[in-house]
Protein chains: 2
Amino acid sequence: MINKKSPVPIYYQLEEWLRGEIDKGELLEGDLIPSERALSEKYEISRMTIRQAVSNLVNEGLLTREKGKGTFVAKKKVEQPLIRLTGFSEDMKQRGMEPGTKRLDFIQLDLPPSISKELRVETYSKGYQMKRLRLADGLPMAYEVLTLPKTLFPDLTPEKFDHSFYEYVESLGLKIGGAEQSIEPAISKEESALLNIERGSPVLLMKRVSYLGDGTPFEFVKSIYRGDRYKFITEMKR
Amino acid sequence: MINKKSPVPIYYQLEEWLRGEIDKGELLEGDLIPSERALSEKYEISRMTIRQAVSNLVNEGLLTREKGKGTFVAKKKVEQPLIRLTGFSEDMKQRGMEPGTKRLDFIQLDLPPSISKELRVETYSKGYQMKRLRLADGLPMAYEVLTLPKTLFPDLTPEKFDHSFYEYVESLGLKIGGAEQSIEPAISKEESALLNIERGSPVLLMKRVSYLGDGTPFEFVKSIYRGDRYKFITEMKR
DNA sequence: ACATGATAGTTGTCTATACCACTATACTTT
DNA sequence: AAAGTATAGTGGTATAGACAACTATCATGT
């Protein structure tokens with residue numbers, strides 16, 4: 001179980017073993033693990049080495065120490081990132097609705113300053129633009145204009161958007177980092193007909209720039225959401 | 001500098017000292033700190049104890065070790081929590097505007113179902129309600145209605161809101177956990193005059209329930225923000 | 001000029017030991 | 001029965017020493 005001759009450090013072998021026991025369910029949440037002295041004697045390893053392994057796992061949040069009592073398997077916290085970057089489809093599924101899409105337009109264009117600035121590419125360099133109507137449970141939810149720089153996606157076809165576009169990006173070996181998004185209220189204008197609402201109804205205007213892991217912007221999205229069907233929800237921590 | 005007789009652990013004193021040197025700017029980003037052996041000899045402390053202090057700071061991300069080279073002051077990452085719960089005043093300051101407040105009303109009331117449900121208290125139990133006009137750089141920015149349960153704040157006076165209300169809550173020994181907030185677009189109605197906008201202008205309707213560390217709701221806020229002056233901005237990670 | 005090797009200095013790993021502070025339990029005293 | 005007291009077991013802190021693995025530099029040899 002522990003091989004002292006191995007070039008793999010003993011403390012690391014111990015870590016892996018403990019991680020395994022927890023993964024396999026041999027050790028359950030709240031369980032007391034063997035004391036440092038017990039492990040030290042059993043495997044004939046110095047207690048300081050045991051402590052190194054345990055300390056690392058404590059730092060990772062897998063174990064918790066209690067003075068005078070022992071070391072326990074920590075309750076696993078489901079802590080998900082406060083806001084996870086998701087596309088329209090994932091968003092709708094989370095809200096329990098069936099996402100749908102109606103493609104309106106897909107063109108190649110020279111990026112105007114308003115967009116090239118956001119994507120941080122040269123003005124009037126090539127890009128793709130897709131206009132779509134987004135549906136939820138079959139009814140119009142949002143009108144979306146998505147622009148991408150051709151530098152990052154040389155050969156783009158509209159079919160690439162049929163499934164999760166973010167997954168497609170990741171399948172190209174690109175790492176998605178995050179996004180910055182702004183939301184403001186507006187009054188519906190010419191998109192009213194598409195969204196099937198009355199002209200002058202309240203809508204949410206959302207602009208989003210998404211970044212790769214290295215900070216390179218890779219998409220600029222401008223969406224108009226129906227105010228009567230969509231609420232933007234956030235969680236915050238102090 | 002290091003007191004071996006102190007009940008404060010030596011490794012912790014060392015941590016504090018190093019943290020201080022970095023804070024004060026004696027050690028700059030990328031600087032090489034004295035080697036473990038050097039510190040060990042200088043302060044006549046065992047190298048393992050030095051390592052414990054350094055390891056903790058490495059775990060915190062303040063230092064980085066490089067085998068065969070030394071230990072360096074890490075480049076500080078500005079990584080702030082994705083969304084931090086802030087009140088109006090903090091929010092405006094972050095946006096570089098001077099926050100202001102005009103108190104409109106402060107009453108005691110029996111909480112109607114729509115509010116008691118959010119605060120998870122008994123319907124028609126006592127509560128406080130404050131109505132305020134929020135200013136940024138002297139101009140109206142939002143109209144806000146804030147409701148609190150009397151159970152948590154038995155003796156509340158409007159003066160308590162003059163400075164940061166969240167800090168006041170924390171000064172009572174309560175721990176603020178976080179909040180859930182929804183945002184939707186709307187068309188301004190009777191509050192138009194207060195906000196100094198035309199009736200029918202786009203506004204953001206924001207509802208927020210804030211929770212203590214144990215999950216107990218402690219405030220319900222309904223705000224109406226001027227759409228021409230306020231954008232809601234979020235960052236997301238994948 | 002270039003490769004090789006020696007060397008000193010760094011962090012990484014590991015041992016054996018010691019004492020302290022805290023917790024729970026069993027035992028004793030009141 | 002209650003209160004106090006020992007005691008064994010736990011993690012927390014600290015020491016001194018050893019060797020390994022890695023990096024940079026300098027001296028040496030070709």
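Here is how names work: the chains are called A, B, and so on, in the same order as the sequence lines, proteins then strands, and each is numbered from 1.
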How close or far is atom [atom2] of [N] from atom [atom1] of [X], stated in whole angstroms?
X	N	atom1	atom2	result
B:E44	D:dA14	CD	P	15 Å
A:E41	C:dT17	CD	P	12 Å
A:L39	C:dC14	CG	P	15 Å
B:L14	D:dA14	CG	C1'	12 Å

Single hit among B:N56, B:I22, B:V73 for side chain to side chain contact (heavy atoms under 4.5 Å, CB included) with B:L62:
B:I22

Under 4.0 Å between a side-chain nitrogen and a carboxylate oxygen: does that hold for A:R19 and A:E60?
yes

Counting distance only, does the side-chain N/O of A:Q13 pair as donor-acceptor with the main-chain N or O of A:N3 below 3.5 Å?
yes

Closer than 3.5 angstrom, by distance alone: can the side chain of A:Y11 be matched with the main-chain N or O of A:V54 as a donor-acceptor pair?
no

Hey, are A:K126 and A:Q108 close enough side-chain-wise for a donor-acceptor pair under 3.5 Å?
no

When you compare the side chains of B:Y230 and B:R95, does any donor N or O come within less than 3.5 Å of an acceptor on the partner?
yes

Side-chain polar contacts of residues 168-176 of chain A - donor-acceptor pairs under 3.5 angstrom, sequence neighbours left out - could you list them?
from, atom 1, to, atom 2, distance (Å)
A:E170, OE2, B:R238, NE, 3.3
A:S171, OG, A:Y168, O, 2.6

How long is the straight-line distance from CD1 of A:I10 back to CD of A:E15, given to the nearest 0.5 Å?
13.0 Å

Nucleotide N/O to protein N/O under 3.5 Å, stretch nucleotides 10-13 of chain C:
from, atom 1, to, atom 2, distance (Å)
C:dT10, OP1, B:S35, OG, 3.4
C:dT10, O2, B:G68, N, 3.4
C:dT11, OP1, B:T71, OG1, 3.2
C:dT11, OP2, B:E36, N, 3.0
C:dT11, O4, B:R37, NH1, 3.0
C:dT11, O4, B:R37, NH2, 3.2
C:dG12, OP2, B:R51, NH1, 3.1
C:dG12, OP2, B:R51, NH2, 3.2
C:dG12, OP2, B:R65, NE, 2.8
C:dG12, N7, B:R47, NH2, 2.8
C:dG12, O6, B:R47, NH1, 3.1
C:dT13, OP1, A:Y11, OH, 2.6
C:dT13, OP2, A:Y11, OH, 3.0

Just report the end-to-end axis angle for the helix from C:dA1-D:dT30 to C:dT30-D:dA1, five pairs per end, to 10 degrees.
10°

Looking at B:K4, I'd like to know whether one of its side-chain N or O atoms comes within less than 4.0 Å of OP1 or OP2 on D:dT15.
yes

